[in-house]
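Shown next, in structure tokens, is the structure this report addresses.
Ligands are counted one by one from 1 in listed order, and the atoms in each one are counted from 1 as well.
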Amino acid sequence: MRFLARLLSAVLPLTLLIAGAADAREWKAIQESGTIKVATEGGFHPFNYYDGPKLTGFEVELAEAIAAKLGLKLEWSVVPFDAQIAALKQDRFDFAIASHGYTAERAKSVDFANPHYCTGGQIAAHKDGPLTVVALNGKVVGVQLATTYADAARKIKGLKSVKTYKGDPEAFSALRANKTDAWISDKFTVKATLDKNPDAGIVGGDLVFVERVSMILRKGNKELAEKLNQALAEVMKDGTYQALSQKYFKEDVSCRS
Ligand code: ARG
């Protein structure tokens, strides 16, 4: 009996582990299937969002151009931003393109492709609200959960509190309704949101930090990383990237330095 118990306790976790581990799709498997599985969020204007029923945006179109260069069909999964890294680790998709800024913390669990744009986190507030880091003293800041904006906000000294929201549309609404004093998000997301809501009386303030944004993929999936980097380099060279950058931002958002 004791032997059996011991045997079971030794073998069970192992079988559970094997059963739980889906296959990390290597480049070869992806190529053979003819379809690459990609995750995004769909709530981050103008990078990935819904235009009516249609998933679109700079990153959505960029990923489609990258898949085309790789000779693959693209299958989208729409995954909440804060669940993407865990889902990637469970091999639910091959890579995610959802504006992940490089952080050493994330790099412990996922790999980053070469950056597809450079940007920064910016404060937004009502016209007479706190628009500088110093002015945030004693204030309530709203940010999207699990983002670099949340990390940055928590580092600002003297804040009253940091409120987290599922997405930026919610963080913006909270600011608009005076549930928070300020909102920190991507400078292009802030711009796109303010352009769409000119009567909200909200304006952009200080840039809090800068970051390089990349597709993320499963740690150690080297060949896929190389393929993504190659395809990204190609769309940057043949003008596709520039056309998308102009379409969505009217400027070049690539990391030129
Ligand atoms: N750039 C920020 C970060 O790295 C936010 C990304 C949010 N992305 C999104 N699809 N909502 O955390």
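No hydrogens or angles considered: nothing links the side chains of S185 and Q144 as a donor-acceptor pair under 3.5 Å. Judged by distance alone, the side chains of H126 and N178 do bring a donor and an acceptor atom under 3.5 Å apart. Using a 3.5 Å distance cut-off with no hydrogens or angles, the side chains of D168 and T189 do not pair a donor with an acceptor.
You'll find the ring centres of F188 and F58 outside the 6.0 Å limit. Taking the centre of each ring, F44 and F81 stay at or above the 6.0 Å mark.
Any N or O atom pair closer than 3.5 Å counts here, and G101 shares at least one such pair with ligand 1. The distance criterion of under 3.5 Å between nitrogen or oxygen atoms is not met by T147 with respect to ligand 1. Distances between N or O atoms of V213 and those of ligand 1 include no value under 3.5 Å. The shortest N/O to N/O separation between D168 and ligand 1 does not fall below 3.5 Å. On a distance-only criterion, E41 and ligand 1 share at least one N/O pair closer than 3.5 Å.
Close approach to H100 involves these atoms of ligand 1, each under 4.0 Å from a residue heavy atom: 4 (O). Residue contact check: Y149 has heavy atoms under 4.0 Å from atoms 1 (N), 2 (C), 5 (C) of ligand 1. Near E211, meaning under 4.0 Å from any of its heavy atoms, are these atoms of ligand 1: 1 (N), 2 (C), 4 (O).
Here N48 has side-chain heavy atoms under 4.0 Å from ligand 1, and that is the only part of it that gets that close. Residue-level proximity to ligand 1 for F47 is absent, since no heavy atom of it falls below 4.0 angstrom.
At least one side-chain heavy atom of V38 sits under 4.5 Å from a side-chain heavy atom of F95. Contact check for R106 versus T148: side-chain heavy atoms found under the 4.5 Å cut-off.
Between D82 and K166 there is a salt bridge, since at least one side-chain N of the basic residue sits less than 4.0 Å from a carboxylate O of the acidic one.
Protein heavy atom nearest atom 3 (C) of ligand 1, with residue, atom name and distance: T148 OG1, 3.1 Å. Of the protein's non-hydrogen atoms, the one nearest atom 8 (N) of ligand 1 is A98 O, 2.8 Å. Atom 6 (C) of ligand 1 has S99 O, 3.2 Å as its closest protein atom, hydrogens excluded (heavy atom only).
Heavy atoms from other residues, nucleotides or ligands lying under 6.0 Å from NZ of K191 number 12 at most.
The heavy atom nearest to atom 12 (O) of ligand 1, out of those in H45, E59, Q84, R106, is found in R106.
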